[in-house]
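No experiment lies behind these values; they were computed from the predicted model shown. A note on names: the letters A, B, ... follow the listed sequences, proteins ahead of strands, and every chain is numbered from 1.
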Amino acid sequence: MTPLNLTTIDFSWLAILPLIALSVGAIVVMLAGTRVDDEDSAALGFIVLVALLAAFLLTMFELGQNTAAFRGSLAVDDYAVFFEVIIIIATALTVAMSLEYAADAGLAGAEYYALVAFAALGMLLMAAAGDLIIIFLGLETMSIAVYALAGFIRRDAKSNEAAIKYFLLGAFSTGFLLYGIALLYGATGSVRLTAIHASIAARTAVNPLLLLGLGMLLIGFGFKVAAVPFHMWTPDAYEGAPTPITAFMAVAVKLAAFAGFLRIFFTSLDPLATEWSPVLWALAVLSMTAGNVIALVQSNIKRMLAYSAIAHAGYALVGMAAANGREAGGAVLYYLLAYAFTSLGAFGVVVALDRGAESHAQIDDYRGLARDHPGLAAAMAVCLLSLTGVPPLAGFVAKFYVFAAALNAGFTGLVIIAVLNSVVSAYYYVGVIVAMYMREGGVAVESMSRRPGLLISIAVGVAGVIALGIYPQPYMGAAVNAFASALGRPALHAVSMLP
Amino acid sequence: MPLTLLIFVPLLGAAAVLLQSEERSVWISAFIFSLIPLGWSLYLLAVFDPHASGYQFVEHFPWIPQFGISYHLGIDGISLFLILLTTILISLSLLYSGGGDIESRPREFCFLMLLLESALLGTFLALDLFLFYVFWEAMLVPMYFLIGIWGHGRKIYATFKFVLFTMLGSLLMLIAIIYVARAARGSLGYVTFDLPELYKIRLSATEARWLFAGFAIAFAIKVPLWPLHTWLPDAHTEAPTAGSVLLAGVMLKAGAYGFIRFAIPLFPAVAVEAIPVFMALGVIGIIYGALVAMVQPDLKRLIAYSSVSHLGFVTLGIFAFDTQGLEGAIYQMLNHGVSTGALFLLVGMLYLRRHTREIIEFGGLWSSVPIYASVFMVMMLSSIGLPGLNGFVGEFLILLGTYFSRKVAVYGAVTGLILGALYMMWAYERVMWGPLTKAANVTIADLDKREIAVMLPLVGLVLFMGLYPRPLLNRMQPSIDALLVRVKDAQAEVQREQVVASSGFLPESAGATVTADVRGSK
């Protein structure tokens, strides 16, 4: 047997060790699950947390490498690290939120934690993907795990509905995506992102196959990031899924989808920016407007946050439409970072009220929360104000950054629409604060001291919201560097972010 | 770090208040923490150099250098007294609220009051557009909670209206702020949010008009100028007393201050063009506010509408663009803060005793509560501008300043003055004079020691500012003159450019190069 020739396939432990750590963790959870009672399933959660910690530490070694491995299939750059770190944090917080929730809601079992770990594995692959096949692989690994997680409350009709709807529409969108990948391959002769870029940049006339592929990809990613008009699955899936999984879908899944979306569109399809930028413009306007307006009339907080998540995808698309492959794309990355922490904090509070068995997810259930649980109410208020975009919180700086980038690219009209949307959104975010602080009634909430995992998740979310808002500079720098690394340009230092 | 102290001591106080468990210690610690900025601002007043026109006690540190955003604070003759007004009114409101006006959740109340103080002071201190915007929006949040939690009646409707109106304005301003900062690249070669730096940039006339509109709408909503005032009567009426005092006393001033500090000096040429618009809106506000106030059955709502009228005067004074007018405008801002703040406190005291604010429920209070009635009379006379009291100085200066440039506006404003005297005195008559017809009014208690302690400094200020305005006006004048020089220069430049343009030499547009660059490298 001849030994594997490592030089020709460009083997890199660095690129895959985080993935290996997470897979090992997931497999250990599955094996250990056969020996552990359902009541002790929290121990399995800790195994996943350890695996995530290992993956995090291993990821940190990739920082500043800015190379590719496996002949360009996996990127080892700051862009990948940026998304991987957020995804790992979001997954860890999801697991932490689940520790007590899963037991309460009867979701205990090794499968739950293993599926979360496998989903995270797929997300990491998407963040680091250097070719379309890896993106597809990551997307499917992630999606299949999350389909199952959405329907994890087996006896609950809503959860089943969520899973079926998410699965059917998800599979449909995957079909589009795959079709798009095939067409791109046909038009350019490669699945490697860099090769596709070179092929498109070299030609003068636009190949119709290419445009068709581009459109298919847009639809596929539109589904995954829940942009209007591809958002139909979102409210039902978010409402029916177990609440920690809703948080997972709203944050980690969305970020992973954006990681792939941004990388494909900015590193390989950027010569076609004039073609896709107007489409993103329209998607951004539709997502913001429909998301915010429909959120106004929701009485269920999970559905409201689902529409809010759609609207926030729209804000991110504003940055994307405007970035045009420039360093200002860092704005989109920063936006997603701020959104991740804010949403995690907000969903943490939703988990706190939602006991699993009896679901308290109506906005009316939040009445009087400030009186009995001032800490929880304050955390929720901070997150909602951040989602509204009130300074000095993360959401404000993120919106500021995206709007600045868009204005800079001359998209004044788009920014005005976005701003008007922010005003609309204030109405429903503030509505929850009104319920918590200015009305009486509501439901009894279990003391937080019994739920340390949840407490920590909320605290991390809120701390992130405040830190990103008051001292955004280092994180902005990280976002800009990450984006620059994906474009294969040297890291920027102390260069103005507004070109 | 003299100014950072002003912003952070209240924040520290807010944190300290949260740690208190007893109600009494909450009020005491909050009051003490509000006295520190008050004392400190008095010290700043003492060491303020009255002859300098520039910013004093300046602090300047980079904050987000990639964006050209810095932590830049400073005081000049315009902001100095607004800061004092804020610190004084916060302390007095806390002192008053501890006396029974706020019964539920005192800890949260004090926490929010101190947060509000920090945001308000930051708004008046900030010399960086981004920093200013942060404080400007941040002051919305505590005020929103103050109205929503401790307010009366239709408080939730009032909070929604207040938040949505103000947010709409300020977000449009945010776009303008970003645009201005970006435009600095064309003139200065770098992006900056620093106000003194931005004074130097050049914008095309169209750009400047749009940007001025972006700023002006946000400020006009806050002032509020007619017809953007509709949030005010609801918010002021439903707010708890301390909230009304700070809304009317300080927050409205932030709008007028925004015009003086940002909108006008950044776009002086447009501001000059816009004089007729603002004069007209100001006069309409004066008369409309007075007429609507006249028919209000609710005493608090009456005072709320009188604010619309008074702030119309301020607008008039600002857009007179001469020394007297602007001095009068700033003086009137302070007057309105003191006297309307005091009137809201007085109405609050009455409400505590009778649980109603309907004018028809009162009558003849003079004989049952003489101290209360006399304090009310001083404030009422100050509000209508009786010579010898503070209101007269401000209104007189405004009319004097406006008279030279816009006589028509003065006629309107004087009509408003007469109407103002009318509705105030009529309300006073119905509440204080005549026979005591309601039994409940016979037994009500007069002002207690705490309430006298709250009102005494305000009465003192009314008299002092009415009799001896010089120390205040002297300190304002250098900064105002510097602003006016800017406006006059811009005016002259516009005329010069018009001459050049008409003779066939079109000046090159400053903004065109930036956009060309963005498009070109796509």
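- The side-chain heavy atoms of I175(B) and F403(A), taken from C-beta on, include no pair separated by under 4.5 Å.
- Contact check for M476(A) versus F67(B): side-chain heavy atoms found under the 4.5 Å cut-off.
- Taking NZ from K399(A) and CG from L174(B), the interatomic distance works out to 10.5 Å, rounded to the nearest 0.5 Å.
- Between F130(B) and F396(A), the gap from one ring centroid to the other is short of 6.0 Å.
- Under the 4.5 Å side-chain criterion, counting only non-hydrogen atoms from C-beta, E108(B) is not in contact with Y437(A).
- Atom OH of Y427(A) has 12 or fewer neighbouring heavy atoms from other residues, nucleotides or ligands inside a 6.0 Å radius.
- When side chains are defined from C-beta on, V434(A) counts as touching F160(B), because their heavy atoms get closer than 4.5 Å.
- In terms of heavy-atom pairs under 4.5 Å with chain B, the best-connected choice from G469(A), P474(A), P391(A) is P391(A).
- Contact count against chain A (heavy-atom pairs under 4.5 Å) is highest for Y144(B) among Y190(B), Y133(B), Y144(B).
- Of the atoms belonging to L172(B), heavy atoms from both backbone and side chain fall under 4.5 Å from chain A.
- Proximity to chain B involves both the backbone and the side chain of L407(A), based on heavy atoms less than 4.5 angstrom apart.
- In plain terms, the two heavy atoms of M167(B) and S422(A) that are nearest each other are CE-O, 4.5 Å.
- Heavy-atom distances place both the backbone and the side chain of L164(B) under 4.5 Å from chain A.
- For the atom pair CD of Q473(A) and CD1 of I69(B), the computed distance is 10.0 Å after rounding to the nearest 0.5 Å.
- Residue contact with chain B, scored on non-hydrogen atoms closer than 4.5 Å, involves the side chain of V390(A) exclusively.
- The six-membered or imidazole ring of F400(A) lies near that of F193(B), with a centre-to-centre distance under 6.0 Å.
- A donor-acceptor distance shorter than 3.5 angstrom exists from the side chain of W63(B) to the backbone of I470(A), with no hydrogens or angles considered.
- Residues L420(A) and L168(B) form a side-chain contact, since some pair of their non-hydrogen atoms from C-beta on lies under 4.5 Å apart.
- With values rounded to the nearest 0.5 angstrom, I433(A) atom CD1 is found 10.0 Å from I149(B) atom CD1.
- Atom OG1 in T388(A) sits 10.0 Å away from atom CD in E137(B) (nearest 0.5 Å).
- Both the backbone and the side chain of V134(B) come within contact range of chain A, with heavy atoms under 4.5 Å apart.
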